[in-house]
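Below is one structure, written out as structure tokens, with a few remarks after it.
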Amino acid sequence: MRTELAAAKKGYFGEFGGRYVPAELEAPLSHVAEAYEEVKNDPSFQEELDYYLKDYAGRPSPLYHAERLSRELGGAQIFLKREDLNHTGSHKINNVLGQALLAKRMGAKRVIAETGAGQHGVATATACALLDMECVVYMGAVDAARQSLNVFRMELLGAKVVRVTAGGQRLKEAVDAALDDFAQNYRTTFYVLGSAVGPYPYPDIVRDFQSVIGREARTQILEKVGRLPDYLVACVGGGSNAIGLFAPFYGDETVRMVGCEPGGTGSGLGQNAAAISYGVPAIIHGFRCYALLDGDGEVAPTSSIAAGLDYPGIGPEHSFYKATGRAEYVAVSDQEALDAFQVLTRTEGIIPALESAHAVAHAIKLAPQLSTDQIMIVNLSGRGDKDADQVLQLLKR
Ligand SMILES: *Cc1c(COP(=O)(O)O)cnc(C)c1O
């Protein structure tokens, strides 16, 4: 692929976002953008998506008042938005159903995706099984070997998993392979992206499909307590579950928003994946955002206890929220997330995903500083069954 950059005008959030891609990807991305503009305002599309969200994914997800946890912390009332109860166990299904239905409307016969830990791959394979579409998931060979159970799940669901053996055989190489496929085959193939990142139009598309979280939460909290919350708290990898909760409250100035980044084991290079806390504005992966770079200006290595948060950048809309002060972003360490994982499990009987445990950890810190009539909504992005084995190994040490 050629490397010259061309920025599209649409899709900016202040200085962030945009589309900085090789020329070969301009037409494929414009093709998706145009199709999305068309279906976005088509009531029959929204109706079809709503049908699957309700009868297939199980929406609306409950907004649960975690009374025992709130009482033990002695401060704000904590409400959990239960995305963990969705089919396949996280918020990811909201987005993949939307994108797979869009693909179908566009007449695509084939869907491709890339995945690191495998969760987005499994979600995409699920939507493709449901909608009877061919599905190809690119995965670095090293990742595929580590996540063999997720590979098996995808194959059970009828997807073809392509193990990418180039370079480091990780997510980066899987993304390159998926983009090559997309550039060559975009007339028949739709690329399903898993978070609110990447070049325009993907951050807009993913935000829109995940906004069902915030729309529901807004209605539910008004029904339950008759007023808007004081705080929204969500974990941030690429930022899709967080922007899905935050965006519908954007204009409500009294509602404060906190994104919880993976603080890992420390602030040093390679010890975390907290792009806003420790990064700088830069162009990576086709868009401008806060990103973690090394001394040479290359994308830095990252790490997190939660595979789903292990990304060196953050979505452009979050970058804009940070730059303008609309939301704040905090780093939550691996240890704090591990502790919160256990606290929520014991006090409420809910095992959170290690990703979501980052948001729970911040809630545990923040709630005692607030009064008992204040309200906090914490996005429980996923369930932790997938992490039980990893936590067992960590606790044995
Ligand atoms: C993938 C994942 C995340 C991180 O993705 P975002 O796009 O930042 O939401 C968070 N929680 C769970 C449970 C996930 O599976």
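Residue numbers count from 1 along this sequence. Counting starts at 1 for both ligands and their atoms, following the listed order. Since this is a predicted model, take the numbers as computed values, not measurements.
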* Asked: Taking it one step at a time, do Gln271 and Tyr278 satisfy side-chain hydrogen bond (donor to acceptor under 3.5 Å, both in side chains)?
  -> CA-CA 11 Å; Gln271 292 184 321; Tyr278 306 122; over 6 Å; no

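- Nearest protein heavy-atom contact of atom 12 (C) of ligand 1 is Ser381 OG, 3.5 Å.
- Expressed to the nearest 0.5 Å, how far OH of Tyr329 lies from OH of Tyr321 amounts to 7.5 Å.
- For ligand 1 and Gly382, the ligand atoms under 4.0 Å from any heavy atom of the residue are 13 (C).
- Heavy-atom contacts of Gly237 reach the following atoms of ligand 1: 8 (O) (cutoff under 4.0 Å).
- If you number the atoms of ligand 1 from 1 as listed, the ones under 4.0 Å from a heavy atom of Ser240 come out as 6 (P), 7 (O), 8 (O), 9 (O).
- Considering backbone and side-chain atoms alike, Leu309 places every N or O at 3.5 Å or more from each N or O of ligand 1.
- Taking only nitrogen or oxygen atoms, main chain and side chain alike, Ser195 reaches within less than 3.5 Å of ligand 1.
- Near Gly239, meaning under 4.0 Å from any of its heavy atoms, are these atoms of ligand 1: 6 (P), 7 (O), 8 (O).
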* To do: Please assess Tyr311 against His285 for the test ring pair (Phe, Tyr, Trp, His ring centres under 6.0 Å), listing each intermediate value before the final yes or no.
  => CA-CA 11 Å; Tyr311 180 67; His285 305 164; 5.6 Å; yes

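- The nearest protein atom to atom 4 (C) of ligand 1, hydrogens excluded, is given as Gly308 O, 3.2 Å; this is a heavy-atom distance.
- When each atom of ligand 1 is checked for a heavy atom of Ala353 under 4.0 Å away, the hits are 13 (C).
- Atom 15 (O) of ligand 1 has as its closest protein heavy atom Lys92 NZ, 2.5 Å.
- At distances below 3.5 Å, at least one donor-acceptor pair connects side-chain atoms of Gln220 with backbone N or O atoms of Ser61.
- Remark: Glu34 does not engage Lys40 in a salt bridge, criterion side-chain N to carboxylate O under 4.0 Å.
- Looking at Glu83 against ligand 1, nothing comes within 4.0 Å, counting heavy atoms.
- Interface of Cys235 with ligand 1, defined as ligand atoms under 4.0 Å from a residue heavy atom, comprises 10 (C).
- For the salt bridge (charged side-chain N to carboxylate O under 4.0 Å, His left out) test, residues two or more places apart in sequence or in another chain that qualify with Glu15 are Arg288.
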Show me, pair by pair, the donor-acceptor contacts under 3.5 angstrom made by side chains of residues 238-247, not counting sequence neighbours?
residue	atom	partner	partner atom	Å
Ser240	OG	His91	NE2	3.2
Asn241	OD1	Asn379	ND2	3.0
Asn241	ND2	Cys235	O	3.1

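- Taking the ring centroids of Phe16 and Tyr290, they lie under the 6.0 Å cut-off.
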